[in-house]
Amino acid sequence: MSQASEHSTALTAADINNPFYYQENFITVIKWVTEFHARLLLKAELELIDRFLTLPQQPQALLIRLLLRKGPLFRVAKLSYPEIDSITASICALETDGWLTTEALLGLENLANLFTKAELAVLLDEDTAHNYSLAKHNKATFIAALSKQSGQFAAPEQVVSLGHHALFQRLRLMFFGTLRQDFSAFVTTELGHTRYEQVKLTTDTCAFQCRSDVDTYLYLDELSQNPEQACAADMLAALKSQAAQSTSLWLTRKRSRLLFDLGVKSAREQQFLVSNEAFEHSTHPAARLRLARSLERQGALENAFELACADPLNLDEEVGFERLKVRVGKKISQNYTTVVKAFSPPSFQLTLAPHDNSVEWAALEALQRLDDTSSYHYCENKLFCALFGLTFWPAIFAPIQGAFFHPFQRQPNDLYDADFYSRRREIIEQQFELLTQDPLRLLQRWDEKIGLSNPFVDWRSIDRALITLALSCINTTQLIAIFRRMLSSLYNLRRGFPDLIAFNPTASTFQLIEVKSPTDKLQDHQRAWLQFFAEQKIKASVCHILYSG
DNA sequence: TAAGCTTGCG
DNA sequence: TTCACACGTTCGG
DNA sequence: GAACGTGTGTCTCGCAAGCTTACG
Ligand SMILES: [Mn+2]
Ligand SMILES: [Mn+2]
């Protein structure tokens with residue numbers, strides 16, 4: 001277990017009743033970042049932050065209001081906040097350091113976003129205006145008409161734009177470790193809409209190790225926002241050169257995702273020079289397989305075969321490489337014969353009348369009617385994930401170094417890393433032990449943790465009674481075996497569970513059923529779970545649906 | 001004028 | 001906007 | 001049958017205001 005440096009860190013959210021609660025929270029974050037992670041900021045940035053912190057209270061409040069909104073352009077006349085006395089005075093104050101800038105000219109797109117259809121109509125030249133009516137033509141028509149007049153327009157009223165966007169983006173990223181979260185986390189948490197497990201934080205922990213990692217993230221995020229902009233080859237070159245200097249695992253993952261998408265897109269456009277290289281440089285779980293198939297389509301059969309002979313890194317590769325070798329082996333007279341045979345799970349057929357709801361629900365109803373010894377539930381991954389999340393709660397939220405760095409995290413940063421288990425081995429094994437001793441202990445944990453965010457527990461789709469039922473019907477040894485398999489690759493193996501589960505409380509047994517409509521077929525990872533269940537002597541089968549008439 | 005969507009807000 | 005799953009089309013043997 | 005691309009439900013809450021469009 002990692003040692004926490006005892007910089008006890010109270011990061012408290014502001015009281016909602018404070019009319020300036022947003023200001024308080026924003027300042028809290030700024031101070032947190034500048035105090036503890038100043039080494040990731042440039043001198044110029046720190047100076048700018050200083051000036052921000054010394055802004056008079058009212059203009060600063062207004063600026064923060066605007067920073068929290070979509071922006072970056074605002075109509076001054078539309079701004080109104082009861083807690084801010086003089087909007088215009090504050091605007092003036094904010095124009096001195098470039099926090100806000102008045103925009104005299106507006107591009108058409110900005111203009112159209114800021115003003116209503118009626119307001120745009122006024123801007124039409126007089127001789128064209130009479131061709132259009134507000135009732136008959138939609139807003140796009142007016143925009144198109146305006147575009148024939150000009151691409152730039154004098155702002156009809158004062159419009160301001162936010163400055164220093166890059167700095168604030170950077171600060172938000174450094175605090176949250178992602179750009180997908182924003183300051184609304186403070187409020188939703190304060191209101192109790194979302195609740196997070198409280199993990200002891202240490203001030204020396206940040207989402208980022210070095211400044212260049214922050215830069216990298218910002219760059220990758222920008223690329224993923226508008227991937228259409230750069231040409232594919234340029235993008236590839238940029239991502240490649242960046243990869244050379246980065247060590248961070250999760251940034252590599254983020255970049256690999258982009259490279260993978262780039263590869264898929266280029267391959268579709270038959271730009272194989274780009275796509276092959278993009279796949280090669282991507283660590284995305286599906287990248288190698290995709291590359292191998294792409295090579296096959298390009299006719300580079302030897303290359304494809306060779307790649308498919310690599311050790312499979314995951315289930316998809318295992319199955320996909322095998323299929324490819326069989327397919328391509330014949331053509332290049334490699335004479336490859338398959339050793340592995342696809343597992344075929346037990347199955348049965350069920351005939352249904354036409355139904356409105358989904359095939360899973362319809363099958364559930366039909367099966368339930370045929371069998372009054374068991375209760376049927378449509379859970380897919382939800383139930384086993386919930387059991388997993390409850391069982392390993394203390395491990396998931398263990399204060400491992402670097403795993404948690406702000407109070408609004410739903411999961412540790414390394415949840416899907418290969419060493420998730422090894423970094424928590426002791427505590428995980430301890431929970432296995434507790435589970436063996438007393439499975440019903442999980443119900444206590446349910447009561448204790450109910451409502452708290454957990455990456456495996458969806459509180460609304462599962463209830464306490466179902467957990468109780470599950471614990472009384474699922475043999476602990478079997479449950480442990482399932483958990484061990486999940487732990488071997490959390491990212492891949494938290495999905496693929498059969499649609500339905502049926503509990504027989506009298507016999508203390510259960511069975512799993514994957515429903516397949518006539519048009520659907522078993523996915524590889526679903527098949528893998530079914531094979532595992534068969535090996536573990538867990539009753540699991542596929543229900544093939546037929547339709548009457 | 002109602003419905004449907006986005007945005008802001010706490 | 002992401003994820004997991006289902007559905008539908010294309011393609012080659 | 002395999003592979004690929006697309007569609008669907010779901011999403012962290014609930015409400016109000018403002019705007020646009022479809023509809024009668
Ligand atoms: Mn399913
Ligand atoms: Mn199914």
(request) Return yes if some donor-acceptor pair links the side-chain N/O of A/Asp463 with the main-chain N/O of A/Leu466 below 3.5 Å, else return no. (result) yes
Describe the nucleic acid contact of [X] in one word from base, sugar-phosphate, nothing, applying a heavy-atom distance below 4.0 Å.
| X | result |
| --- | --- |
| A/Arg257 | sugar-phosphate |
| A/Gly496 | sugar-phosphate |
| A/Glu514 | sugar-phosphate |
| A/Glu190 | nothing |

(request) Kindly confirm or rule out a cation-pi arrangement of A/Lys330 over A/Tyr336, judged by NZ or CZ under 6.0 Å from the six-membered ring centre and within 45° of its axis? (result) no
(request) Answer yes or no on whether A/Arg65 is positioned over the face of A/Tyr22, meaning its NZ or CZ is under 6.0 Å from the six-membered ring centre and within 45° of the axis. (result) yes
(request) For each nucleotide in nucleotides 10-24 of chain D, reading 5' to 3', give B when a protein heavy atom comes within less than 4.0 Å of its base, S when such contact involves only the sugar-phosphate, and - otherwise. (result) -SBB-----SSS---
N or O in side chain of [X] less than 4.0 angstrom from [N] OP1/OP2:
| X | N | value |
| --- | --- | --- |
| A/Tyr22 | B/dG10 | no |
| A/Arg495 | C/dA6 | no |
| A/Arg293 | D/dC4 | yes |
| A/Arg327 | D/dA3 | yes |
| A/Tyr81 | B/dC9 | yes |

Mind checking the [atom1] distance from [N] to [M]? Whole angstroms is fine.
| N | M | atom1 | result |
| --- | --- | --- | --- |
| C/dT2 | D/dT6 | C1' | 16 Å |
| C/dT1 | D/dG14 | P | 22 Å |
| B/dC5 | D/dT8 | P | 14 Å |

(message) Return the pairing partner of D/dT10 with a 3.5 Å limit on both distances, Watson-Crick or G-U wobble; otherwise return none.
(response) none
Rounded off to whole Å, could you give me the [atom1]-to-[atom2] distance for the [X] and [N] pair?
| X | N | atom1 | atom2 | result |
| --- | --- | --- | --- | --- |
| A/Phe456 | C/dC3 | CZ | C1' | 14 Å |
| A/Arg494 | C/dA4 | CZ | C1' | 10 Å |
| A/Asp499 | C/dA4 | CG | P | 15 Å |
| A/Arg323 | D/dC4 | CZ | P | 11 Å |

(request) Look at the rings of A/Phe26 and A/Phe168 and say which category their plane angle falls in: under 30° parallel, 30 to 60° tilted, over 60° perpendicular. (result) tilted
(request) Between A/Tyr491 and A/Val359, name the one whose nearest nucleotide on DNA chain C is closer to the 5' end. (result) A/Tyr491
(request) Strictly below 4.0 Å, heavy-atom distances to any atom of DNA chain B: list the hits from residues 59-69 of chain A, or just say none. (result) A/Arg65, A/Arg69
(request) Sort and list the pairs that fulfil ring-ring contact (aromatic ring centres under 6.0 Å, His included) and have at least one residue in residues 60-80 of chain A, not counting sequence neighbours. (result) none
Distances under 3.5 Å only, N/O to N/O: pair up the protein atoms with those of nucleotides 1-6 of chain B.
none

(message) Strictly below 4.0 Å, N to O, side chains only: are A/Arg464 and A/Asp447 in salt-bridge contact?
(response) yes
(request) Please determine if A/Asp524 and A/Arg323 form a salt bridge, counting it only when a charged side-chain N lies under 4.0 Å from a carboxylate O. (result) yes
(request) Would you indicate whether the side-chain heavy atoms of A/Asp182 and A/Phe175 approach each other to under 4.5 Å? (result) no
(request) With sequence neighbours left out, write down each residue that passes side chain to side chain contact (heavy atoms under 4.5 Å, CB included) with A/Ser517, or none if nothing qualifies. (result) A/Val359, A/Thr519, A/Asp520
(request) Mind checking side chain to side chain donor-acceptor pair (under 3.5 Å) for A/Asp221 and listing every partner two or more places apart, or none if nothing turns up? (result) none
(request) Please identify each residue that fulfils side chain to side chain donor-acceptor pair (under 3.5 Å) with A/Arg494, with sequence neighbours left out. (result) A/Tyr416
(request) Verify side chain to side chain contact (heavy atoms under 4.5 Å, CB included) between A/Arg410 and A/Glu197, making sure each step is shown before the conclusion. (result) CA-CA 8 Å; A/Arg410 192 176 88 106; A/Glu197 182 62 279; over 6 Å; no
Residues 295-303 of chain A side chain polar contacts: donor-acceptor under 3.5 Å, at least two apart:
unit_1	atom_1	unit_2	atom_2	d
A/Glu296	OE1	A/Arg327	NH2	2.9
A/Glu296	OE2	A/Arg327	NE	2.9
A/Gln298	OE1	A/Asn276	ND2	3.2
A/Gln298	NE2	A/Asn276	OD1	3.0
A/Gln298	NE2	A/Ser294	O	3.2
A/Gln298	NE2	A/Ser294	OG	2.8

(request) Scan side-chain atoms only and decide if A/Asn25 and A/Thr28 contain a donor-acceptor pair under the 3.5 Å cut-off. (result) no
(message) Checking side-chain polar atoms at under 3.5 Å, does A/Glu83 have a donor or acceptor matched by the opposite partner on A/Gln58?
(response) no
(request) Provide the full list of side chain to side chain donor-acceptor pair (under 3.5 Å) pairs with a residue in residues 377-392 of chain A, sequence neighbours left out, each pair given once. (result) A/Ser375-A/His377
Polar atom pairs between nucleotides 11-13 of chain C and protein, under 3.5 Å, N or O only, would you list them?
none

(message) Just to be sure I understand the geometry, which residues of residues 515-527 of chain A put a non-hydrogen atom under 4.0 Å away from DNA chain C?
(response) A/Lys516, A/Ser517, A/Thr519, A/Asp520, A/Gln523, A/His525, A/Gln526
Which pairs would a plain distance check flag for residues 343-357 of chain A, meaning a side-chain donor or acceptor within less than 3.5 Å of a matching protein atom at least two apart in sequence or in another chain?
unit_1	atom_1	unit_2	atom_2	d
A/His355	ND1	A/Asn357	O	2.6
A/His355	NE2	A/Tyr547	OH	2.9
A/Asn357	ND2	A/Glu365	OE2	3.4

